[in-house]
There are 2 protein chains.
Amino acid sequence: MDKKGYLKEFTFIEGMDPKNRNYLMDALIIKRLPKGFVMVGDQGNCKGIPLVTKGNLRLFKISENGREMTVYRVAEGELCVLAAVCVLGGLEYQYSVEAEKDCVIADIPPEAFIYLLEKDNSFKTYVFRTLADKLISSLNTMEMITFKSIEERIIDYLDTHADNQGKIVTTHEKIAIELGSSREVISRQLKKMADEGLLTQKRGSIILNKKPQ
Amino acid sequence: MDKKGYLKEFTFIEGMDPKNRNYLMDALIIKRLPKGFVMVGDQGNCKGIPLVTKGNLRLFKISENGREMTVYRVAEGELCVLAAVCVLGGLEYQYSVEAEKDCVIADIPPEAFIYLLEKDNSFKTYVFRTLADKLISSLNTMEMITFKSIEERIIDYLDTHADNQGKIVTTHEKIAIELGSSREVISRQLKKMADEGLLTQKRGSIILNKKPQ
């Protein structure tokens, strides 16, 4: 497939000045990351700003005591704006990246990114909007963590991930990472909820009892 | 004072194209907000993007069950970037604003903001940087809430706010709002920490015992 074929979900490209669009197309570097591929990000390591054309990336952090937290995901058709912030410099934020599925990435080299951010209004608007979007969604996550009890957040998580039969294929560890909690806390809450008859725990899955069987 | 006098902390103004700078100066509306003034923000209510030239603003949210959370502060010399996001539209985020001190605000009318964001590189870079900055700081807050125990966070809060004698003038309610917790949780933790000899609770203040008296 030519580069343009990969990028049809990125509608901002249509709106770009033709000269800038050609410049972007020439500059992009197409990469494939297999599912499970992990990169440890740091300031000096930001070699490009990825447009995810297939698959999805998960950004995460590991705490001093080894706990893991999902920072956010970059879905198909999205730009990883933290890489953009990292390239623009002056701001320190360390994180790691995992390919959750087989991914095809179109990397924008830093110098091309900086050039287009100055010269092209459609590009600039897109980046600005993505940045604003991530700010709002991180404030919403903060609010959820602050205002909701761990039990409410587990119920939200299970509701979102359940299939038609109310089955969720997951582990206590995975729920802990998604909710920014510890495995011990999640296991204790799930046991309590199972005792109350809200759910049934199986090996590798959970069945929500309130859903129609 | 003329408008320029108020704005000397906003160094991006120096870097603006002189024509754009004059346009900004003409468009700015200077407002005074007394300490304690509260605005309830919503989409339709964003009449301008404030540059805080004196004092500081606190953005906060109230949950359905009446709990309050500080989203972030806009300090002297800063732009309220959530107002900018709100004006650019398409993103819903409801919050309230409180003047924590007597404030002088230079409001940028929405149409001037949009015009300058397109036309002026120094202005654009400043807004972009502020947005990136707030994204990073909200991710850091999220991480702190996720990775640190409430006891560690209370200790951080007390250490930051203590005077030379280890005294912090505050209330349990206020600590709860700052840490996104409930008054009950904070009171229970403070009692535990007092029982362990880490601090002494007084009416309206807390004394950290480990600080030199």
Side-chain angles (χ1 to χ4, degrees), chain A residues 59-72 81-95 114 117-122 124-125 127-149 152 176-182 185, chain B residues 59-72 81-95 114 117-122 124-125 127-149 152 176-182 185:
Chain A
L59 275 58
F60 65 98
K61 296 204 73 156
I62 310 260
S63 74
E64 285 165 19
N65 55 10
R67 273 177 54 197
E68 193 178 316
M69 168 183 117
T70 296
V71 177
Y72 67 74
V81 82
L82 263 188
V85 168
C86 171
V87 157
L88 292 171
L91 294 164
E92 284 204 26
Y93 193 74
Q94 311 283 324
Y95 59 92
I114 290 165
L117 197 61
E118 180 163 336
K119 298 292 182 199
D120 196 273
N121 267 322
S122 178
K124 179 181 69 187
T125 304
V127 174
F128 198 90
R129 170 54 54 94
T130 307
L131 194 49
D133 226 345
K134 283 298 172 200
L135 175 63
I136 300 295
S137 77
S138 77
L139 293 178
N140 283 333
T141 305
M142 219 163 86
E143 190 181 324
M144 203 240 337
I145 297 175
T146 302
F147 286 150
K148 288 201 171 184
S149 70
E152 288 173 300
I177 290 170
E178 289 308 302
L179 301 186
S181 185
S182 69
V185 168
Chain B
L59 276 56
F60 64 99
K61 294 203 74 155
I62 310 260
S63 75
E64 285 164 17
N65 57 9
R67 273 177 55 198
E68 193 179 316
M69 169 183 115
T70 296
V71 177
Y72 68 73
V81 82
L82 264 187
V85 168
C86 171
V87 157
L88 293 171
L91 295 164
E92 283 205 27
Y93 194 75
Q94 311 282 323
Y95 59 92
I114 290 164
L117 198 61
E118 180 163 336
K119 298 293 181 198
D120 195 274
N121 267 321
S122 177
K124 180 182 68 187
T125 305
V127 173
F128 198 90
R129 170 56 52 93
T130 308
L131 195 48
D133 225 346
K134 282 299 172 200
L135 174 62
I136 301 293
S137 78
S138 77
L139 293 178
N140 283 332
T141 304
M142 219 163 86
E143 191 182 326
M144 202 239 338
I145 297 175
T146 301
F147 286 150
K148 288 203 171 183
S149 71
E152 287 173 300
I177 290 170
E178 290 306 304
L179 301 186
S181 184
S182 69
V185 168

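For the numbers below, each heavy atom of this structure counts, side chains included, while hydrogens, waters and symmetry mates do not. All chains are named by letter (A, B, ...) in the order of the sequence lines, taking the proteins before the strands, and each is independently numbered beginning at 1. Not measured: the values here are computed from a predicted model.
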Rounded to the nearest 0.5 angstrom, the CG-OG1 distance for A:Leu135 and B:Thr130 is 11.0 Å

When the 4.5 angstrom heavy-atom criterion is applied to A:Leu179 and chain B, the contacting part is neither

Looking only at A:Val127, A:Leu117, A:Val81, the option with the highest number of non-hydrogen pairs under 4.5 Å against chain B is A:Leu117

What part of A:Leu139 gets closer than 4.5 Å to chain B, counting heavy atoms only: side chain, backbone, both or neither? both

Let me know if A:Leu59 has heavy atoms under 4.5 Å from chain B in its side chain, its backbone, both or neither. neither

Using heavy-atom distances under 4.5 Å, tell me whether A:Lys148 contacts chain B through its side chain, its backbone, both, or neither. neither

Partners of B:Glu68 by side chain to side chain donor-acceptor pair (under 3.5 Å), sequence neighbours excluded? B:Arg58

Give the minimum heavy-atom separation between B:Leu131 and A:Ala132, together with the two atoms involved. CD2-N, 4.0 Å

Would you mind telling me which of A:Lys134, A:Met69, A:Met142 has the largest number of heavy-atom pairs within less than 4.5 Å of chain B? A:Met69

Given B:Leu82 and A:Ile136, is the side-chain contact (heavy atoms from CB on, under 4.5 Å) satisfied, shown in steps? CA-CA 9 Å; B:Leu82 264 187; A:Ile136 300 295; 3.6 Å; yes

